[in-house]
Structure formats: structure tokens, C-alpha cells
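What you are looking at is a predicted structure, and each value in this text was computed from that prediction instead of being measured. Lettering of chains follows the sequences in order, A, B, ..., and the numbering in each one begins at 1.
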Number of protein chains: 2
Amino acid sequence: MPEIITQSIQDYLKHIYELNEHGGSASTNDLAARLNIAPASVTGMLQKLASSKPALVVYKKHQGATLTKSGEKAALEVIRHHRLLETFLVTTLGYSWDEVHTEADKLEHVISEDFEARMAEALGNPTRDPHGELIPTADLTMPADKSRPLASLRTDETATIQRVNSRDPNLLRHLDELGLIPNVQLEVIAHSTFDNNLTIKSGRKTHVLGLNITTKIFVI
Amino acid sequence: MPEIITQSIQDYLKHIYELNEHGGSASTNDLAARLNIAPASVTGMLQKLASSKPALVVYKKHQGATLTKSGEKAALEVIRHHRLLETFLVTTLGYSWDEVHTEADKLEHVISEDFEARMAEALGNPTRDPHGELIPTADLTMPADKSRPLASLRTDETATIQRVNSRDPNLLRHLDELGLIPNVQLEVIAHSTFDNNLTIKSGRKTHVLGLNITTKIFVI
DNA sequence: TATAAAATTTAGTCTGACCTAAATTTTATT
DNA sequence: AATAAAATTTAGGTCAGACTAAATTTTATA
Ligand SMILES: [Mn+2]
Ligand SMILES: [Mn+2]
Ligand SMILES: [Mn+2]
Ligand SMILES: [Mn+2]
């Protein structure tokens, strides 16, 4: 019930945050799937997080969980660590963007605030990680994001890739090969009504991308 | 009983290794003191480590523990991580040598072999950490060390500091201020029979050092 | 709107890693 | 060698964070 935010709790909070971003509250099953933990165990943890002092989540039976202010701070803390680490791994150790998630997922829980500060400093206080995702600020607020999914564009629309919201190494490697990475410009050449495929042109290359890809790429 | 070497076990093995280096086997109490764990708990863990397959320690009731071959490999693995991390923190993030122990103590358990390899590469495969301690090789053998404690020198002897065997930040900061760091040359000016103080000259400075310091500094 | 399917919770266990208190053994000192 | 002190082990917990199996509740579908 006290103030100890374990590694395990950090993971719960991080995933609740991400689920809250999309739909409303994070469901037991979605959390269980993401955390690779049995749904029954998730219920138990949510009950604990909801009744801790201070409460980290708001939890109503059968209705999933949302973060309280303290819960959100704790989540942003972990997410800041994660995204700074990813950036650090890429720029100082030559990792590629598809390799950093796994490593950051472990390191994020153990680095000190000093380590965090030194990284941020060394990297020039970056605002986005290698996938283009926003890095929470040092005072733990998440900057606003105005990007929209590539999937929502239609023929003749033009845009710039801002972030790729996926941790699937295969997808990331694939996109890297196609040159579809943050800051790259593209134009929608065609949209297929039936399967929602988009034909896009980027540089001198043209690609036909399915929903599985176009919902993961966010543009501006 | 199986092959899972938890964070906790890694800590036990690391400390058993260090205790084995000095005297013979690592006693329950010494381990308890170093690990900040009750002696009774240490006994329990030693019994487990001794009866795991493969056994990680050799343990005889009331006679402490030594490492088996597998135990030693696992220990050297952690120590290599630790010392590479310390070096990395100093050279890429500007840590000072008194700050690195704490951070490395947490990171050593979670970095991947890939991370280890990238660090070693980036640092040019260093053989010693910032304190001058030897870094186990990539194939997990510990290079031989021929240094002897500064405390064993007598008047007129001359030597070079090779390593400082302490994790006490205050001592490390103090030595840093005195300029007594690895690779620095020194000469013993006097030895006091009663308290074993040594008067040493290094550069143009002279210091009188007690046993508490001279047993921590190793020279060659 | 009944009923089947899916989601979620409850109940009961387990394991790792710790703890304290009470033996027991070893070691040191007279 | 007897006895006191120190070291170590045994016995009997606790606690976090999982799990499975069996309810229960909600949601979807006929
Ligand atoms: Mn932080
Ligand atoms: Mn990322
Ligand atoms: Mn390693
Ligand atoms: Mn060191």
C-alpha cells in the first residue's frame, strides 16, 4: 500500500498509460495481453494499485483502469526513461531502431535520475525518440501530439512522417528498408476502397501499403 | 533448481567471488554483511546454490562457500558487466569514479550480451575499469593481477598505483583530490612502525597515509 | 429478450527471497 | 578442558507477484 513502485508496477502503469491514450480505460484483457500475464493476476494488481495510498489507478470492476495524477506521473517517468534510453542507444552505441525496445524495456526501471539527466544533457535534450515518439519532459508532462495515422490520408494528400508506433522489429526493419522513417515526406497516389490499401510515393519510390502498416505510421 | 540465475543470485555469486579472492571460502556472516541480508537468509541461499543443478557453489555447513566452475563463470559475467559499465559511465556520460559503483550495481543485471559487446567495442576493449580493477575478458577469464598493497612498501621503495580497491565514495573522492589515482607514481619517504603510517611523495606533494588507505591502494 | 460467448473476478496455490527467534556448532578465553 | 562468546543453522513465518480453475458479469447474437 505504500510508496514503493516496483518494476512490475512500473510496467503496469506504462501499459495503462498507452492504452488510455487510445481508447478510454485499459481493460483487464488488453493489459494481460500486453504484459503477458494471466487476466486474473491483472485484476489482482489493479485492485492493489487502486487501493494504494496514494491510489495509482482508478479502477471499477469490469470497467478497466485509468491513471490517477500520481499514476500518470509514475508512468511518464518510465516512458521518459524508455524513450531517452532508446535515443541514447541509437546515438551512442549504434543500435538500430528495431533493436532498442527490448533493451530499453529492461533498463528503464533501473537507471537513476542522475543517469536520466546525464543522458538528456548528452543528447541535447531531445524531444523525440528514434521512432519519432514524443519524450515526456523532465518535469513529467507529455507534449501534445497532432499527428494523424497515414491510414486517414486520401489521394493527392501530402505529408511528413512523424512517428512509427510499433515495437515489432520486423515491421521496423521493413520500414527502414523502404525508407519510411520519421521526417520523410510522402504523397498519396491512390487509395483502394475495398482493402484500404494506400499507394504512396516517397522520394522516387512507390509503395502499396496495407492497413497493418498505415495505421502504425503517423504523419503531419 | 534449474538454470535461472536471478538478480539476487548474481549478487551472491559476485560477492562470493570477491570474498574468495582474499581469504579462502566466503563465510555466511561476511556475505550477510556485504549483501545486507540476515545471516539466516544467506544460509538458505547457499544451500540452494549448492544443490542446484549445476551447483553454483560448494558449501559445507559452518565452513562457508566457494564457487564451482559454473558459479565462477556466472560471477565473472556480472563482474565484467559491472566494470565495463563503470568505464562506460565515466567515458561517455562524464561520471566521476566515486559515482559509478551504485549505478553499475543496478545495471549489471539487466544489460544484454549485445549491450556488453557494444560497450566493449566502443571503449576499445579496455582491460581495466576506472578504479584500475581488471575487467574479465569476453570469454570470462580473469587476467592475473600482480599488484600488491601500498601498505606493504617500505622507505625508499618506488611504485605505480595500479588500482584502488574500494567503493567508498568519500575515500575515492579524497584520493582523487590527493591525485592518488591509477598510473600515478609514488615514492615511500617514511614508515612509522607504531601505526604503520606511510609518508609518500607523489609529484611534488607529500602525504601521510594510514592503513585504512594504504591497504586499499594496490601498486606495482 | 433469451442464450451463448467473451471478459472479468474470486478463490485457492505456489515460488523466490527475504525475516525473526530459537537452537546448535564452532572458536576463543580463562 | 570448561565455559563464554561468536558464528551459523533450523524452524517457522511474511510478502509480492505470479498461476489455474471455477464462478460471475457483461456483451453479442440469434
Ligand atoms: Mn526519471
Ligand atoms: Mn520507442
Ligand atoms: Mn555478459
Ligand atoms: Mn570498480
Side-chain angles (χ1 to χ4, degrees), chain A residues 1-16 19-20 22-53 55-66 71 74 78 105-106 108-110, chain B residues 1-16 19-20 22-53 55-66 71 74 78 105-106 108-110:
Chain A
M1 340 282 197
E3 260 299 68
I4 294 163
I5 300 194
T6 64
Q7 201 155 312
S8 175
I9 292 179
Q10 288 179 12
D11 276 332
Y12 275 90
L13 297 177
K14 182 174 71 162
H15 284 104
I16 294 170
L19 288 169
N20 284 174
H22 278 267
S25 77
S27 77
T28 304
N29 261 15
D30 285 357
L31 271 173
R34 275 176 173 256
L35 294 165
N36 241 285
I37 284 174
S41 309
V42 171
T43 300
M45 181 60 97
L46 290 182
Q47 288 167 342
K48 202 175 70 173
L49 297 181
S51 60
S52 74
K53 275 191 324 213
L56 297 170
V57 310
V58 174
Y59 165 70
K60 288 274 180 49
K61 261 191 202 183
H62 296 276
Q63 301 187 178
T66 54
V78 185
D105 269 346
K106 293 180 297 174
E108 65 190 10
H109 307 293
V110 303
Chain B
M1 342 283 198
E3 261 300 65
I4 293 163
I5 299 193
T6 64
Q7 201 154 312
S8 176
I9 291 178
Q10 288 179 12
D11 276 333
Y12 275 89
L13 297 177
K14 181 173 71 162
H15 284 103
I16 294 170
L19 287 169
N20 284 174
H22 278 267
S25 76
S27 78
T28 304
N29 262 16
D30 285 357
L31 272 173
R34 275 175 174 256
L35 294 165
N36 242 286
I37 284 174
S41 309
V42 171
T43 300
M45 181 60 96
L46 290 181
Q47 289 167 340
K48 202 175 69 172
L49 297 181
S51 61
S52 74
K53 275 192 323 210
L56 297 170
V57 310
V58 174
Y59 166 72
K60 287 274 181 50
K61 261 193 200 180
H62 296 278
Q63 302 189 178
T66 54
V78 185
D105 269 346
K106 293 178 298 173
E108 64 190 11
H109 306 293
V110 303

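Under the rule for a side chain to side chain donor-acceptor pair (under 3.5 Å), the partners of A:His109 that lie at least two apart in sequence or sit in another chain are A:Gln10, A:Asp11.
Across the protein-nucleic acid pair, B:Leu13 atom CG and C:dA17 atom P stand 11 Å apart, rounded to whole Å. In this structure, B:Leu35 places its CG atom 12 Å from C1' of C:dA17, rounding to the nearest Å. Rounded to whole Å, atom P of D:dG17 lies 9 Å from atom OH of A:Tyr12. As a whole-Å value, the separation of A:Asn36 CG from D:dC19 P is 9 Å. When the P atom of C:dT15 is taken as reference, atom CE of B:Met45 falls 16 Å away, rounded to whole Å. In this entry the distance linking CD of A:Gln7 with P of D:dC15 reads 22 Å, nearest Å. Between the CD1 atom of B:Ile4 and the C1' atom of C:dA17 there is a distance of 14 Å, given to the nearest Å.
The main-chain N or O of A:Gln63 is found under 3.5 Å from a side-chain atom of A:Ser25 such that the two form a donor-acceptor pair.
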Would you give a per-nucleotide map of nucleotides 5-12 of chain D, 5' to 3', where B means the base has a protein non-hydrogen atom under 4.0 Å away, S means only the sugar-phosphate does, and - means neither?
--SSBB--

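Counting all heavy atoms, side chain and backbone alike, A:Ile16 lies closest to A:Ala65 at CG2-O, 3.9 Å. The heavy-atom pair separating A:Ala32 from A:Ala38 by the smallest distance is CB-C, 4.2 Å.
A:Leu31 is listed as a side-chain neighbour of A:Leu46, based on a closest heavy-atom distance under 4.5 Å. By the 4.5 Å heavy-atom criterion applied to side chains, A:Arg34 and A:Val42 are not counted as neighbours.
Proximity of B:Thr6 to the phosphate of C:dA17: a side-chain N or O atom is located under 4.0 Å from OP1 or OP2.
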